[in-house]
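Shown next, in structure tokens, is the structure this report addresses.
The analysis underlying the following values was restricted to heavy atoms, covering all of them including side chains, and did not include hydrogens, waters or symmetry mates. This one's a predicted model, so the numbers in the text were calculated from it and none came from an experiment.
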Amino acid sequence: MPTAIVTGQPVPGSSLENDLRALGFDVRVAADAAEAETLLAAAPAAERVALVDARFVGHPHALRLGLTDPRFPLSAVPGAVTAQPAARQELTRAVARETSAGGGTALAVDSLADRIVTALDTDGCAVHRPELGSLVAAVPADPQARNEARQAVAAVDDEAVRLKSAVKSRDGFFTTFFISPYSRYLARWCARRGLTPNQVTTASLLTALIAAGCAATGTRAGFVAAGVLLIASFVLDCTDGQLARYALKYSTLGAWLDATFDRAKEYAYYAGLALGAARGGGHDDVWALALGAMVLQTCRHVVDFSFNEANHDATANTSPTAALSDKLDSVGWTIWLRRMIVLPIGERWAMIAILTAATTPRITFYVLLIGCAFAAAYTTAGRVLRSLTRKARRTDRAAQALADLADSGPLTEAVRRVLERGPAGLAVPAVAFLGGAAVVACSALTGHGSVLPVIGALVYVLTSALAVARPLKGTLDWLVPPFFRAAEYGTVLALAGKAGVNGALPAAFGLVAAVAYHHYDTVYRIRGDAGAPPAWLVRAIGGHEGRTLLVTVLAAVLTAPQFTVALTVLAVAVALVVLVESIRFWVSAGAPAVHDEGEPA
């Protein structure tokens, strides 16, 4: 149990100790800094510890924000400071210094907790200070100030603020106006019954999988049920994040679940639609459309992630295009229009659900592909313009993040070692694009068994090595990872389509899904500042260029039925390796305690 050390003489009528106990703290009282140091040393080393001034006046949610958020080793609000086990040494050192400086026998007029925070700042420690907004957190110096602080507490509805803060400040139109107005209350209902965000996330996944199963029946009733359940799954998907923010229940496992389940739900639903189309009255084969939708959606996300990582900590990171975009994002109806046309998850799932219930899987995929293609063209064009009109200087961290997102394997590394130097400037993404286009074109324009895709893949290996031969710090180098994703996934799609046998496209769907999971896992590790997956994992599954070459060789030397079996085996092998390593990482103590805020718009 975490420990809260209340420093100073208790104030008559104060609810502070009860508020701290309600937050799960074991409360101890210290009359002075010396006693606080003793109690701090006696507190369990594996638990959080907090120092709180006995004169503190404020909302319980202000204390919750300051003292219970698991994402930050050190956190503080006026009159209170907390440290998780990772930062206990820094807190102990600051308290010891305060005691030795003369504060050991009697508390000074100002707050001990605030003096400790000042000492931590002086030591260069990163102390998180949550945004309190209208919430009150203060240490009144006299009875009049205390009375005024209590009146300020009474004037603000703590619960209303807590409910409002549970909802993301920036979200899509559909989510903001059709889901969040009631899902926040569902989140509170879950919190009051002891449910965790992970449980709600799992319920959302199960609901989506049932929706996919309904779609797979191929009946109109099944399609209607699938659409309704998909919306229900999205409501739960919003609720889990709101519950995490409402109750400040962020966890390493929750980060992994929330970050990956959205993709698993959506892509499983695509598979369900494809199965339903094949089983329905028309026996329609839309697996190529389902795979194409997954490829397009995944490439869209890689564009988002690469651009954001490239500019995460860039200096001189301004441009006229970015300034115009910021202006449009702050005035009038353009805010919601711009959020809707990028087809974020809320709008996209609502569209899929309605089309599933009212039309056919083929029409659903056609509309989805057109909408996502337009959204991808819009966002990518805007980001290219921003990059060309700014003079940002990218850091080594950004270059490393792009290199990790590139997912280069041993073949690229071997070729790169023999290259004296690679291209620079705009030639870098151009080379990546041309190499990818070559292998996809060779795969799409030749029949099954042709050796031409293998030649295209060998060219792709060479161009991939050239593209990453230098650190990816160029103006448009953030396009390199999405070009690699499009090349690999597009090659698998083209070769499976050319096989012309039942099962080839579903097997390709499984392989791309397994590889895409690895790429999303890489993204969320980088987002959590945990670094990329281990090098052995990338080598074990071949890197993007190795997998692309392997698939082209298999298509050239195997018959179509044998190729289908090979794709299936490869999909299972990749899925097992990446899932085992991913689960090991995300449930380990070293994984970052974060909660995913959803896909970028």
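Across S233 and A208, no two heavy atoms sit closer than the pair OG-CB, 3.4 Å.
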Item to check | V235 and Y182: CA distance, side-chain angles, deciding distance, side-chain contact (heavy atoms from CB on, under 4.5 Å) verdict | outcome: CA-CA 9 Å; V235 172; Y182 59 87; 3.6 Å; yes
Next on the checklist: Before you tell me yes or no, could you show the steps for R348 and E266 under salt bridge (charged side-chain N to carboxylate O under 4.0 Å, His left out), namely the whole-Å CA-CA distance, both residues' side-chain angles and the distance that decides it to 0.1 Å?
Outcome noted: CA-CA 10 Å; R348 190 169 68 251; E266 187 168 0; 2.8 Å; yes
Checklist entry - Where do D477 and R394 land on the salt bridge (charged side-chain N to carboxylate O under 4.0 Å, His left out) test, with the steps shown first? => result CA-CA 10 Å; D477 284 2; R394 295 191 170 87; over 6 Å; no
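Partners of D123 under the side-chain hydrogen bond (donor to acceptor under 3.5 Å, both in side chains) rule, at least two apart in sequence or in another chain, are R97.
For R300 and D304, the salt-bridge test fails: no basic side-chain N is under 4.0 Å from an acidic carboxylate O. In summary, R188 and E159 engage in a salt bridge, as defined by a charged side-chain N under 4.0 Å from a carboxylate O. Salt bridge absent: E309 and R527 never bring a charged side-chain N and a carboxylate O closer than 4.0 Å. Look at R162 and D157 and you find no salt bridge, because none of the NZ, NE, NH1 or NH2 atoms lies under 4.0 Å from a carboxylate O.
Checking T3 against E47 by side-chain atom types alone, no donor-acceptor pair falls below 3.5 Å. In the model, D69 has no side-chain atom that pairs as donor or acceptor with a side-chain atom of S75 under 3.5 Å. Side chains of Q400 and D404: a donor-acceptor N/O pair is present below 3.5 angstrom, by distance only.
Ring-plane geometry between F177 and F173 is classed as tilted, the angle between the planes lying from 30 to 60 degrees on a 0 to 90 degree scale. Ring-plane geometry between Y520 and Y267 is classed as tilted, the angle between the planes lying from 30 to 60 degrees on a 0 to 90 degree scale.
Pairs of residues two or more places apart, or lying in two chains, that qualify as side-chain hydrogen bond (donor to acceptor under 3.5 Å, both in side chains) and include a residue from residues 56-67 are H61-R64.
Just one residue in the list T7, V95, V52 forms a side chain to side chain contact (heavy atoms under 4.5 Å, CB included) with L112, and that residue is T7.
Both the sub-6.0 Å distance and the 45° axial angle are satisfied by R339 relative to the ring of W336.
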